[in-house]
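This structure is a prediction, so every number in the text was calculated from the model and none was measured. Position 1 is the first residue of the sequence, and the numbers go up from there.
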Amino acid sequence: YTVSFWMKADKPTNYTPAVFLAQNADNWVSITPKGWLAYDGPMVWSCTNSSTYADLVPSDGASHLTVGEWTHVAVTADGGVGTIYGPVQQVLSEGAEVYLGVNFWDAAFDGAIDELYISQQVEDYATIAAQYWIGVLQMAADKAADYEEGLYTEASYQALTHALDTVNGLLTAQDVTVSQYRSALAALEDAVNGLEYENVPGDLNDDNVVNVLDVMTIAQIVVGKAQAPEGVIIDFNGDSSIDLLDVMTLAQVVNGNITL
């Protein structure tokens with residue numbers, strides 16, 4: 001069988017599964033975000049007839065997830081052999097149930113799971129790699145799509161649109177190589193990094209400089225004494241709200257402590 005999914009663990013704990021496959025309480029496979037003993041990365045833990053336990057970690061013994069970030073996990077089992085990571089018990093048969101974030105005993109998983117894929121076939125590396133890269137490209141494409149056209153120069157935004165079209169094409173294409181996925185992602189990242197603002201970031205009074213007058217302007221906007229100028233970013237700290245933190249951020253820009 002093959003099990004693959006994306007997970008984001010906000011507070012990983014020992015024994016808590018992200019995905020738990022169980023015939024019953026005595027026969028199961030548990031895929032956990034966090035191992036134990038000498039290893040604390042993603043781990044497969046299985047039990048056969050209540051007495052035989054098999055622990056499986058990635059072959060490098062050093063793969064760790066970053067708390068709060070999305071991580072792709074894939075496990076395959078074929079006749080008792082894990083074709084991706086090493087030996088793993090084949091303890092499930094037809095009729096097993098799938099549990100997300102819980103098992104029979106431990107605390108529930110604190111985080112998120114997406115793109116769960118379960119197959120009775122043993123998928124090859126190319127299939128699993130494609131699942132990973134499609135997830136990576138989709139997340140990158142979603143972020144890139146949030147950039148608003150009117151805020152950037154025409155040439156830089158057209159470069160972003162071209163790179164985004166290439167990524168979206170690969171997401172639905174067949175027989176795509178890892179090299180193509182990598183190239184498309186690199187091109188999209190370059191396009192995002194190459195975006196040029198149509199206006200000077202932080203220039204709220206349209207005098208082409210950022211100074212204390214702009215800090216005063218954002219302060220007036222926050223207290224409702226002035227209207228935000230159209231087509232100009234004023235959420236300087238990127239938290240999707242306009243408040244005192246944006247005033248403080250722009251003040252730091254004027255003082256030369258940070259840049260936008």
**Message:** Return the OG1 to CG distance between T48 and D26, rounded to the nearest 0.5 Å.
**Reply:** 10.0 Å

**Asked** How far apart are the closest heavy atoms of Y132 and H72, and which atoms are they?
**Response** CD1-CB, 3.5 Å

**Message:** Donor-acceptor check, side chain of D114 to backbone of W6, threshold 3.5 angstrom: yes or no?
**Reply:** no

**Request:** Would you please classify the geometry between the W105 ring and the F20 ring as parallel, tilted or perpendicular, with 30° and 60° separating the classes?
**Result:** perpendicular

**Prompt:** Which heavy atom in T2 sits nearest to a heavy atom in V122, and how many Å separate them?
**Reply:** OG1-CA, 3.5 Å

**Asked** Heavy-atom distance under 4.5 Å between the side chains of N168 and L170, does that happen here?
**Response** no

**Asked** If two hydrophobic side chains count as joined below 4.5 Å and joins carry through other members, does F5 share a cluster with Y117?
**Response** no

**Prompt:** Do you see a donor-acceptor pair shorter than 3.5 Å between the side chains of T217 and D214?
**Reply:** no

**Message:** Could you tell me if N24 and N27 have a donor-acceptor pair between their side chains, going purely by distance under 3.5 Å?
**Reply:** yes

**Asked** Closest heavy-atom contact between T16 and G101?
**Response** CG2-O, 4.3 Å

**Prompt:** Between P17 and S30, what is the shortest heavy-atom contact and its length?
**Reply:** CB-OG, 3.3 Å

**Request:** Give a yes or no on whether the backbone of L213 and the side-chain of N211 come within a donor-acceptor separation of less than 3.5 Å.
**Result:** yes

**Prompt:** In terms of the angle between their ring planes, are Y147 and Y152 parallel, tilted or perpendicular, with boundaries placed at 30° and 60°?
**Reply:** perpendicular

**Request:** Check D243, T249, I242 against I218 for a side chain to side chain contact (heavy atoms under 4.5 Å, CB included) and give me the one that passes.
**Result:** I242

**Complete:** One should read off an interatomic distance between E189 CD and K143 NZ, to the nearest 0.5 angstrom, of 9.5 Å

**Request:** Could you pull out the closest heavy-atom pair between A184 and T166, with the gap in Å?
**Result:** CB-CG2, 4.3 Å

**Item:** Shortest non-hydrogen contact from M7 toward F109
**Value:** CB-CZ, 4.5 Å

**Message:** Counting neighbours of CG on D165 that are heavy atoms of other residues, nucleotides or ligands and sit closer than 6.0 Å, is the number greater than 12?
**Reply:** yes

